[in-house]
Amino acid sequence: MEVLWKKCLEEIEKQVLPENYITWFSPTYAVARENDSITVAVPNNFFKNCLKENYQDLIENSLETVAKQRLHIEFQVVPPENGEKNAATIIPNGTKKETS
């Protein structure tokens, strides 16, 4: 599952601007895969909504490319303090800072 998401991210990185990739995709990671769906952790509801509205088709197409089957993407909010170490967080001025 982690390998699948990493390969998907590599596909996405080729198709979006570097700053968009860093902002929207770097803080994500796979948390579950069931049948025809994969669940990805995001830091907050803002990320969840933005990824759904702006990148869902790109993500699902990239998943299909690497998995050789159509997978549906689900997003689960996992705040950085409860998520993986070194998750990037967006601070109010629009920059990001690394947390440990």
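The structure presented is a predicted model; accordingly, all values stated were derived computationally and were not measured.
The line from CD of Q15 to OG1 of T65 is 7.5 Å long, rounded to the nearest 0.5 Å. A distance of 4.5 Å separates CG in L4 from CD1 in I38, rounded to the nearest 0.5 Å. We find the CD-OG distance between E13 and S26 to be 7.5 Å, quoted to the nearest 0.5 Å. From L58, atom CG reaches atom CG of N20 across 10.5 Å, with rounding to the nearest 0.5 Å. Atoms OH and CD, from Y21 and E10 in turn, are 7.5 Å apart once rounded to the nearest 0.5 Å. Rounded to the nearest 0.5 angstrom, K52 NZ and D57 CG are separated by 12.5 Å.
Looking at heavy atoms from C-beta onward, D36 lies out of side-chain contact with H72 at the 4.5 angstrom threshold. Within the 4.5 Å cutoff, side-chain heavy atoms of L51 are placed close to those of T28.
W5 pairs in a side-chain contact (heavy atoms from CB on, under 4.5 Å) with only one of the listed residues (V31, I59, V66), which is I59. Of the candidates T39, V40, L71, R33 forms a side-chain contact (heavy atoms from CB on, under 4.5 Å) with just one, namely L71.
Other residues, nucleotides and ligands place no more than 12 heavy atoms under 6.0 Å from the CD atom of E34. Heavy atoms of other residues, nucleotides or ligands lying less than 6.0 angstrom from CG of N35 number 12 at most.
Not counting sequence neighbours, Q76 has no partner by the side-chain hydrogen bond (donor to acceptor under 3.5 Å, both in side chains) test.
Residues P43 and V77 approach most closely at O-CG1, 3.9 Å, considering heavy atoms.
Judged by distance alone, the side chain of N44 and the main-chain N or O of F47 form a donor-acceptor pair under 3.5 Å.
The salt bridge (Lys or Arg N to Asp or Glu O under 4.0 Å) pairs that include a residue from residues 67-79 are E60-R70, E64-R70, where partners are two or more places apart or lie in different chains.
In this structure, F25 and Y55 have perpendicular ring planes: the angle between them is above 60°, well past the 30° mark.
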**OP:** For F75 and N49, run side chain to side chain contact (heavy atoms under 4.5 Å, CB included): C-alpha distance rounded to whole Å, both residues' side-chain angles, the deciding distance at 0.1 Å, then the answer.
**Re:** CA-CA 9 Å; F75 300 103; N49 293 334; over 6 Å; no
